[in-house]
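Presented below is the structure to which this report refers.
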Amino acid sequence: MICDNLKTIYRQIEEAAARTGRDPQSVRLVAVSKRQGPERILEALNCGQELFGENYLQEAREKIEQLGDRARFHFIGHLQSNKARHAAELFTMVETVDRLKIARALDRHSGSLGRSLDILLQVNVGREPQKAGVLPENLEELAREVATLPSLRLRGLMTMPPYTTDPEESRPFFRSLYQLARELRDKGLLSDKSQVELSMGMSRDFPVAIEEGATLIRVGTAIFGPRS
Ligand SMILES: *Cc1c(COP(=O)(O)O)cnc(C)c1O
(Lines give C-alpha, C1' and ligand atoms only; values in the text may rest on other atoms or scores of the structure.)
Protein backbone atom coordinates (compact mmCIF):
# COMPACT_ATOMS: atom_id res chain seq x y z
CA MET A 1 0.00 0.00 0.00
CA ILE A 2 2.81 2.39 0.89
CA CYS A 3 4.44 1.70 -2.49
CA ASP A 4 1.18 2.47 -4.31
CA ASN A 5 0.74 5.67 -2.35
CA LEU A 6 4.29 6.75 -3.16
CA LYS A 7 3.70 6.05 -6.84
CA THR A 8 0.55 8.16 -6.80
CA ILE A 9 2.38 11.00 -5.11
CA TYR A 10 5.29 10.91 -7.53
CA ARG A 11 2.80 11.06 -10.37
CA GLN A 12 1.10 14.07 -8.79
CA ILE A 13 4.52 15.71 -8.36
CA GLU A 14 5.17 15.26 -12.07
CA GLU A 15 1.78 16.66 -13.00
CA ALA A 16 2.10 19.70 -10.75
CA ALA A 17 5.63 20.38 -12.02
CA ALA A 18 4.45 20.05 -15.63
CA ARG A 19 1.67 22.60 -15.07
CA THR A 20 4.24 25.27 -14.25
CA GLY A 21 7.06 24.12 -16.51
CA ARG A 22 9.25 22.94 -13.64
CA ASP A 23 11.58 19.96 -13.63
CA PRO A 24 9.97 17.33 -11.38
CA GLN A 25 13.49 16.40 -10.21
CA SER A 26 13.69 19.79 -8.52
CA VAL A 27 11.05 18.65 -6.00
CA ARG A 28 12.11 16.29 -3.22
CA LEU A 29 9.58 14.31 -1.24
CA VAL A 30 10.10 14.22 2.52
CA ALA A 31 8.07 11.24 3.75
CA VAL A 32 6.83 12.32 7.18
CA SER A 33 7.11 9.22 9.36
CA LYS A 34 6.26 10.65 12.77
CA ARG A 35 4.24 8.25 14.91
CA GLN A 36 4.72 5.49 12.34
CA GLY A 37 6.72 2.42 13.29
CA PRO A 38 10.15 1.60 11.83
CA GLU A 39 8.63 -1.29 9.83
CA ARG A 40 6.61 1.24 7.83
CA ILE A 41 9.72 3.31 7.12
CA LEU A 42 11.43 0.12 6.01
CA GLU A 43 8.54 -0.60 3.68
CA ALA A 44 8.90 2.85 2.14
CA LEU A 45 12.69 2.41 1.89
CA ASN A 46 12.12 -0.83 0.02
CA CYS A 47 10.06 1.03 -2.55
CA GLY A 48 12.87 3.50 -3.07
CA GLN A 49 11.95 6.36 -0.72
CA GLU A 50 15.12 7.46 1.10
CA LEU A 51 14.24 10.81 2.66
CA PHE A 52 12.06 11.04 5.77
CA GLY A 53 10.85 13.70 8.18
CA GLU A 54 10.50 13.34 11.94
CA ASN A 55 9.06 15.68 14.57
CA TYR A 56 10.06 14.17 17.90
CA LEU A 57 13.68 13.68 18.84
CA GLN A 58 13.46 10.66 21.10
CA GLU A 59 11.19 8.78 18.72
CA ALA A 60 13.35 9.70 15.72
CA ARG A 61 16.51 8.61 17.44
CA GLU A 62 15.24 5.08 18.04
CA LYS A 63 14.16 4.71 14.44
CA ILE A 64 17.30 6.22 12.97
CA GLU A 65 19.49 3.96 15.06
CA GLN A 66 17.51 0.90 13.94
CA LEU A 67 17.52 1.81 10.27
CA GLY A 68 21.19 2.68 9.95
CA ASP A 69 22.38 4.86 7.12
CA ARG A 70 20.05 3.70 4.36
CA ALA A 71 17.63 6.47 5.19
CA ARG A 72 18.19 10.21 5.59
CA PHE A 73 16.10 12.32 7.93
CA HIS A 74 15.05 15.95 8.16
CA PHE A 75 13.95 17.35 11.49
CA ILE A 76 10.61 19.14 11.09
CA GLY A 77 9.41 19.45 14.69
CA HIS A 78 9.79 21.98 17.45
CA LEU A 79 13.38 22.01 18.71
CA GLN A 80 14.62 22.98 22.16
CA SER A 81 18.19 24.16 22.46
CA ASN A 82 19.07 21.48 25.03
CA LYS A 83 18.31 18.87 22.35
CA ALA A 84 20.38 20.56 19.67
CA ARG A 85 23.30 18.17 20.02
CA HIS A 86 21.16 15.14 19.17
CA ALA A 87 19.52 16.98 16.29
CA ALA A 88 22.93 17.91 14.87
CA GLU A 89 24.00 14.26 15.12
CA LEU A 90 20.93 12.60 13.69
CA PHE A 91 19.59 14.79 10.90
CA THR A 92 20.89 15.90 7.53
CA MET A 93 18.73 19.03 7.69
CA VAL A 94 16.86 20.91 10.41
CA GLU A 95 13.92 22.65 8.74
CA THR A 96 12.46 24.42 11.74
CA VAL A 97 15.01 26.94 13.02
CA ASP A 98 13.12 30.05 14.16
CA ARG A 99 15.34 31.73 16.71
CA LEU A 100 18.97 32.60 17.16
CA LYS A 101 19.41 30.57 20.33
CA ILE A 102 18.59 27.33 18.50
CA ALA A 103 20.76 28.29 15.54
CA ARG A 104 23.73 28.98 17.81
CA ALA A 105 23.28 25.68 19.64
CA LEU A 106 23.08 23.73 16.36
CA ASP A 107 26.13 25.57 15.05
CA ARG A 108 28.18 24.80 18.14
CA HIS A 109 27.32 21.10 18.13
CA SER A 110 27.77 20.69 14.38
CA GLY A 111 31.14 22.36 14.68
CA SER A 112 32.23 20.01 17.44
CA LEU A 113 31.14 17.05 15.31
CA GLY A 114 33.30 18.44 12.52
CA ARG A 115 30.44 18.85 10.10
CA SER A 116 28.23 21.54 8.69
CA LEU A 117 24.50 21.26 8.95
CA ASP A 118 21.92 22.37 6.40
CA ILE A 119 19.12 24.38 7.95
CA LEU A 120 15.96 26.20 6.92
CA LEU A 121 14.34 29.07 8.76
CA GLN A 122 10.71 28.45 9.61
CA VAL A 123 8.51 31.44 8.84
CA ASN A 124 5.08 32.05 10.34
CA VAL A 125 3.63 33.48 7.13
CA GLY A 126 0.08 33.21 8.46
CA ARG A 127 1.01 35.17 11.61
CA GLU A 128 -0.76 32.63 13.81
CA PRO A 129 -0.01 33.31 17.47
CA GLN A 130 0.03 29.60 18.40
CA LYS A 131 2.42 28.63 15.64
CA ALA A 132 6.20 28.39 15.59
CA GLY A 133 8.22 30.37 13.09
CA VAL A 134 9.78 33.80 12.78
CA LEU A 135 7.46 36.58 11.63
CA PRO A 136 8.20 37.87 8.13
CA GLU A 137 9.34 41.28 9.40
CA ASN A 138 11.94 39.65 11.67
CA LEU A 139 13.23 37.18 9.11
CA GLU A 140 16.02 39.23 7.59
CA GLU A 141 17.55 40.09 10.93
CA LEU A 142 17.57 36.42 11.96
CA ALA A 143 18.98 35.37 8.59
CA ARG A 144 21.81 37.91 8.92
CA GLU A 145 22.84 36.46 12.26
CA VAL A 146 22.48 32.85 11.13
CA ALA A 147 24.49 33.50 7.96
CA THR A 148 27.54 34.30 10.11
CA LEU A 149 27.52 30.96 11.95
CA PRO A 150 30.39 28.88 10.54
CA SER A 151 28.96 25.37 10.85
CA LEU A 152 25.46 26.03 9.53
CA ARG A 153 24.44 26.37 5.90
CA LEU A 154 21.31 28.44 5.51
CA ARG A 155 19.64 26.79 2.54
CA GLY A 156 16.20 28.39 2.47
CA LEU A 157 12.82 28.65 4.19
CA MET A 158 10.05 26.44 5.51
CA THR A 159 6.45 27.21 6.37
CA MET A 160 3.20 25.68 7.54
CA PRO A 161 0.30 27.92 6.50
CA PRO A 162 -2.96 28.13 8.49
CA TYR A 163 -5.00 24.96 8.43
CA THR A 164 -7.62 24.83 5.70
CA THR A 165 -9.44 22.16 3.74
CA ASP A 166 -9.19 24.14 0.50
CA PRO A 167 -5.62 23.94 -0.84
CA GLU A 168 -6.17 27.10 -2.89
CA GLU A 169 -6.30 29.02 0.38
CA SER A 170 -2.68 28.03 1.03
CA ARG A 171 -1.48 29.49 -2.27
CA PRO A 172 -0.94 33.11 -1.14
CA PHE A 173 1.12 31.89 1.84
CA PHE A 174 3.29 29.71 -0.39
CA ARG A 175 3.71 32.67 -2.69
CA SER A 176 4.88 34.91 0.14
CA LEU A 177 7.41 32.32 1.27
CA TYR A 178 8.81 32.21 -2.26
CA GLN A 179 9.11 36.01 -2.29
CA LEU A 180 10.81 36.09 1.10
CA ALA A 181 13.33 33.46 -0.02
CA ARG A 182 14.08 35.43 -3.18
CA GLU A 183 14.77 38.54 -1.11
CA LEU A 184 17.19 36.66 1.14
CA ARG A 185 18.93 35.18 -1.87
CA ASP A 186 19.24 38.58 -3.54
CA LYS A 187 20.76 39.97 -0.35
CA GLY A 188 23.35 37.20 -0.39
CA LEU A 189 22.16 35.59 2.83
CA LEU A 190 21.68 32.04 1.57
CA SER A 191 24.58 29.64 1.33
CA ASP A 192 23.74 28.39 -2.16
CA LYS A 193 22.34 31.03 -4.47
CA SER A 194 21.67 28.58 -7.27
CA GLN A 195 19.68 26.12 -5.18
CA VAL A 196 17.29 27.84 -2.81
CA GLU A 197 15.26 25.36 -0.77
CA LEU A 198 11.58 26.01 -0.08
CA SER A 199 9.89 23.47 2.18
CA MET A 200 6.13 23.86 1.84
CA GLY A 201 3.12 21.69 1.12
CA MET A 202 1.73 18.68 2.98
CA SER A 203 -0.67 15.84 2.08
CA ARG A 204 -3.60 18.07 1.25
CA ASP A 205 -1.87 20.94 -0.54
CA PHE A 206 1.49 19.80 -1.96
CA PRO A 207 0.46 20.16 -5.64
CA VAL A 208 -0.32 23.84 -5.06
CA ALA A 209 2.98 24.23 -3.18
CA ILE A 210 4.86 22.76 -6.15
CA GLU A 211 3.11 25.20 -8.49
CA GLU A 212 4.38 27.98 -6.20
CA GLY A 213 7.98 26.76 -6.17
CA ALA A 214 8.34 24.15 -3.40
CA THR A 215 11.58 22.16 -3.58
CA LEU A 216 10.76 20.05 -0.52
CA ILE A 217 7.27 18.77 0.22
CA ARG A 218 6.48 17.14 3.56
CA VAL A 219 3.90 14.42 3.12
CA GLY A 220 2.79 12.02 5.87
CA THR A 221 -0.81 10.81 5.82
CA ALA A 222 -1.03 10.45 2.04
CA ILE A 223 1.86 7.95 2.21
CA PHE A 224 1.44 6.13 5.51
CA GLY A 225 -2.24 6.64 6.29
CA PRO A 226 -3.49 7.97 9.63
CA ARG A 227 -0.99 8.19 12.48
CA SER A 228 -1.28 6.05 15.61
C1 LIG B 1 2.97 16.08 10.40
C2 LIG B 1 3.62 17.11 9.57
C3 LIG B 1 3.57 17.06 8.16
C4 LIG B 1 2.79 15.99 7.40
O5 LIG B 1 1.43 16.23 7.46
P6 LIG B 1 0.39 15.34 6.61
O7 LIG B 1 -0.83 16.15 6.62
O8 LIG B 1 0.27 14.04 7.34
O9 LIG B 1 0.96 15.17 5.26
C10 LIG B 1 4.24 18.02 7.45
N11 LIG B 1 4.94 19.01 8.06
C12 LIG B 1 5.02 19.09 9.40
C13 LIG B 1 5.80 20.19 10.02
C14 LIG B 1 4.34 18.16 10.19
O15 LIG B 1 4.41 18.29 11.52
Side-chain angles (χ1 to χ4, degrees), residues 1-13 16 27-38 40-41 43-44 47 49-61 63-64 71-80 83 87 90-99 102 106 118-134 155-171 173-174 177 181 197-228:
M1 192 191 73
I2 289 177
C3 288
D4 290 339
N5 293 344
L6 282 166
K7 264 186 215 140
T8 306
I9 290 162
Y10 276 104
R11 198 180 58 241
Q12 290 172 297
I13 292 173
V27 182
R28 286 190 292 157
L29 173 62
V30 180
V32 176
S33 45
K34 64 170 174 233
R35 288 190 263 130
Q36 305 283 357
R40 318 216 71 206
I41 302 180
E43 197 177 331
C47 357
Q49 178 64 33
E50 290 175 345
L51 179 59
F52 297 87
E54 287 281 345
N55 294 57
Y56 309 103
L57 229 87
Q58 186 56 38
E59 181 193 327
R61 184 200 193 116
K63 294 185 214 173
I64 295 171
R72 281 168 298 120
F73 288 84
H74 285 188
F75 187 74
I76 61 169
H78 180 70
L79 190 60
Q80 291 160 321
K83 305 270 174 64
L90 295 167
F91 295 93
T92 58
M93 185 187 276
V94 174
E95 297 196 6
T96 46
V97 175
D98 64 357
R99 48 203 197 283
I102 294 290
L106 287 170
D118 283 344
I119 65 150
L120 305 180
L121 296 179
Q122 180 174 0
V123 188
N124 187 354
V125 284
R127 320 184 67 86
E128 293 172 279
Q130 78 282 11
K131 234 177 221 169
V134 60
R155 303 296 313 277
L157 302 178
M158 177 273 202
T159 198
M160 234 166 120
Y163 178 81
T164 159
T165 49
D166 177 5
E168 278 304 321
E169 286 179 13
S170 300
R171 192 183 292 278
F173 298 107
F174 295 150
L177 197 74
E197 300 283 4
L198 274 181
S199 175
M200 55 192 198
M202 321 200 324
S203 290
R204 66 200 143 71
D205 56 13
F206 72 85
V208 173
I210 292 170
E211 290 171 10
E212 297 301 329
T215 63
L216 290 161
I217 55 171
R218 309 178 310 268
V219 179
T221 325
I223 299 171
F224 296 108
R227 289 178 274 272
S228 58

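Because the structure is a prediction, the values reported are computed rather than measured. Indexing begins at 1, ligand by ligand and atom by atom, following the structure's order.
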Checklist entry - Would Ser199 and Arg218 count as a side chain to side chain donor-acceptor pair (under 3.5 Å) if you check the C-alpha gap in whole Å, the side-chain angles of each, and the deciding distance to 0.1 Å? => result CA-CA 7 Å; Ser199 175; Arg218 309 178 310 268; 2.9 Å; yes
Checklist entry - Between Gln49 and Tyr10, is any side-chain donor less than 3.5 angstrom from a side-chain acceptor? => result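 Distance-only check passes for Gln49 and Tyr10.
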Checklist entry - With a 3.5 Å cut-off and no angle check, do the side chains of Glu197 and Thr215 form a donor-acceptor pair? => result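 Result is yes, a qualifying pair exists.
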Checklist entry - Going by an N to O cut-off under 4.0 Å, is there a salt bridge joining Arg171 and Glu212? => result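 Looking at Arg171 and Glu212, the cut-off is met.
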Checklist entry - Under a 4.0 Å heavy-atom cut-off, what residues line ligand 1? => result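 Close residues (ligand 1, cut-off 4.0 Å): Val32, Lys34, Asn55, Ile76, Met158, Met160, Met202, Ser203, Arg218, Val219, Gly220, Thr221, Arg227.
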Checklist entry - Side chain of Asp205, backbone of Pro167: donor and acceptor closer than 3.5 Å? => result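 Checking the backbone N and O of Pro167 against the side chain of Asp205, no donor-acceptor pair under 3.5 Å is found.
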Next on the checklist: Contact between Val30 and Glu95 at the side-chain level, heavy atoms closer than 4.5 Å - yes or no?
Outcome noted: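 Yes, close enough: below the 4.5 Å cut-off.
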